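Heads up, the thing below is written out as structure tokens.
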Protein chains: 2
Amino acid sequence: MKNHFIDRLRTSGLRPTKQRVEICKILFDRKETFHFTIDRLKKIIEKNTKSKISLATVYNTVHAFKNNGYVKEISLHGNKTFFDTNSENHHHLYDQETGDLLDIRNEDILLSKVPPLPKGKKIKKIEITISIENNSHNQKK
Amino acid sequence: MKNHFIDRLRTSGLRPTKQRVEICKILFDRKETFHFTIDRLKKIIEKNTKSKISLATVYNTVHAFKNNGYVKEISLHGNKTFFDTNSENHHHLYDQETGDLLDIRNEDILLSKVPPLPKGKKIKKIEITISIENNSHNQKK
DNA sequence: AATTAACTTATAATGATTCTAAAGTAGAAG
DNA sequence: CTTCTACTTTAGAATCATTATAAGTTAATT
């Protein structure tokens, strides 16, 4: 419920405004991971509340959530930036044909060898994206 | 030398213009892999030739090379698109602090388990990016 | 050399993201 | 409960990367 989000915002130093709570509802009030772009999120908010929200507010709030570790930015080709409400370390299956983006569970993937790192450096993050396509592509003749 | 590039362009159906040959020299006349953004490439060309080149030409040519498999687009966070003259299947080490981007050789990395794919889909491409940072971050107390 | 399709160019258009400055609101203090 | 202040939201302008356009230029063919 609402209080849950308010606590979450407070502990991040964010004032629980009407807009932020509304965004929280959409992003975090769900079982499944949610992948979104800023403008899609904006459209959903406006449909849900039947009122306008400023684009800048959506950007600011999502970035605040990102900085506080509630959402994660995803690297994909293309012009728009995607975010993911699953901020744990995990990976993605991406279908460029349909635009579908699916989380890969940690137990479903295993990187068993990593390269030597430059002196004085350590791993900060590993991102694996597996792009998929229909079986019919490049079929054997 | 020059003829090498001209052949390479011809076999891709690209006319070997002055500008394209110049871009070829910068991209392919080197031992090491080269990672670049469009505007950095433009600056290098202008420095080398001491004359201007149109931004649109750089974009068009790099995209033509991409479509012909001479360069590869790299997914990284951030606003600018990076390209890589190593168009083989390979992966990257990325140091966000310095902006350094290094190729990982195929024998230095091993993905030993991949997730189940949706029905009728197959793997098209796998991209792994390992972000690194200085050892001094989050040091044990 | 003449012809033509491909190419380069400068500039305009677009689209995503960020900035700005003014008006609104949450929370603290009285 | 009112006042005050700092934080927020907002609309619109500004910016940045990229793509489109239309006019002039060039490579290759005759």
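Here the structure is a predicted model, which means the values were calculated and not measured. Below, each value reflects all heavy atoms present in this structure, side chains not excepted, and no hydrogens, waters or symmetry copies. Proteins get letters first, then strands, A, B, ... in listed order; numbering begins at 1 in each.
Contacts of B:Phe34 classified as ring pair (Phe, Tyr, Trp, His ring centres under 6.0 Å), with partners at least two apart in sequence or in another chain: B:Phe36.
Contact footprint of chain B on DNA chain C: nucleotides with an atom under 4.0 Å from a non-hydrogen protein atom, first to last in 5' to 3' order, C:dA5 to C:dA10.
Side-chain N/O atoms of B:Arg15 include none lying less than 4.0 angstrom from OP1 or OP2 on D:dA28. Distances shorter than 4.0 Å separate none of the side-chain N or O atoms of B:Gln19 from OP1 or OP2 on D:dT26. A close approach under 4.0 Å does occur between a side-chain nitrogen or oxygen of A:Arg20 and OP1 or OP2 of D:dT9.
Heavy atoms only, all atoms of each residue included: A:Asn89 and A:Ile126 are closest at OD1-O, 3.5 Å.
Using a 4.0 Å cutoff on non-hydrogen atoms, no part of residues 58-84 of chain A comes near DNA chain D.
In this structure, a donor-acceptor pair under 3.5 Å is absent between the side chains of A:Asn134 and A:Ser136. Between the side chains of B:Ser75 and A:His77, at least one donor N or O lies within less than 3.5 Å of an accepting N or O. With 3.5 Å as the limit, one finds a donor-acceptor pair spanning the side chains of B:His35 and B:Asp103. B:His90 and B:Asp84 form a side-chain donor-acceptor contact under 3.5 Å, judged by distance and modelled atom types alone.
For A:Thr57 and B:Pro16, each mapped to the nucleotide of DNA chain D holding its nearest heavy atom, the one lying further toward the 5' end belongs to A:Thr57. Each of B:Leu14 and A:Leu55 has a nearest nucleotide on DNA chain C; the 5'-most of these lies closest to B:Leu14.
Residue A:Thr57 holds its OG1 atom at 13.0 Å from CD of A:Glu22, rounded to the nearest 0.5 Å. The CZ atom of A:Phe83 lies 14.0 Å from the CZ atom of A:Arg40; values are rounded to the nearest 0.5 Å.
For A:Tyr70 and A:Phe5, the ring centers sit 6.0 Å or farther from each other.
What separates CD of A:Glu22 from C1' of D:dT9 is a distance of 15 Å, to the nearest Å. Spacing between atom NZ of B:Lys42 and atom P of D:dC16 amounts to 15 Å, rounded to whole angstrom units.
Without hydrogens or angle criteria, B:Asn67 side chain to B:His63 main chain gives a donor-acceptor distance under 3.5 Å.
Annotation for B:Leu110: hydrophobic cluster partners, listed by chain and number, are none (ILVMFWY side-chain heavy atoms under 4.5 Å, direct or chained).
Electrostatic pairing of A:Lys42 and A:Asp39 does not count as a salt bridge here, judged by no charged N lying under 4.0 Å from a carboxylate O. A salt bridge is absent between B:Lys121 and A:Glu133: the closest approach of a Lys/Arg side-chain nitrogen to an acidic carboxylate oxygen does not fall below 4.0 angstrom.
With a 6.0 Å radius and a threshold of 12 heavy atoms from other residues, nucleotides or ligands, B:Glu107 has its CD atom above the threshold.
Five base pairs at each end of the helix from C:dA1-D:dT30 to C:dG30-D:dC1 define two local axes, and these are offset by 20° (rounded to 10°).
Using a 4.0 Å heavy-atom criterion, one finds that A:Thr17 contacts the sugar-phosphate atoms exclusively. Residue contacts shown for A:Ile53 are limited to sugar-phosphate atoms, with no base heavy atom under 4.0 Å away.
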Contacts under 3.5 Å, N or O only, protein and nucleotides 1-4 of chain D:
none

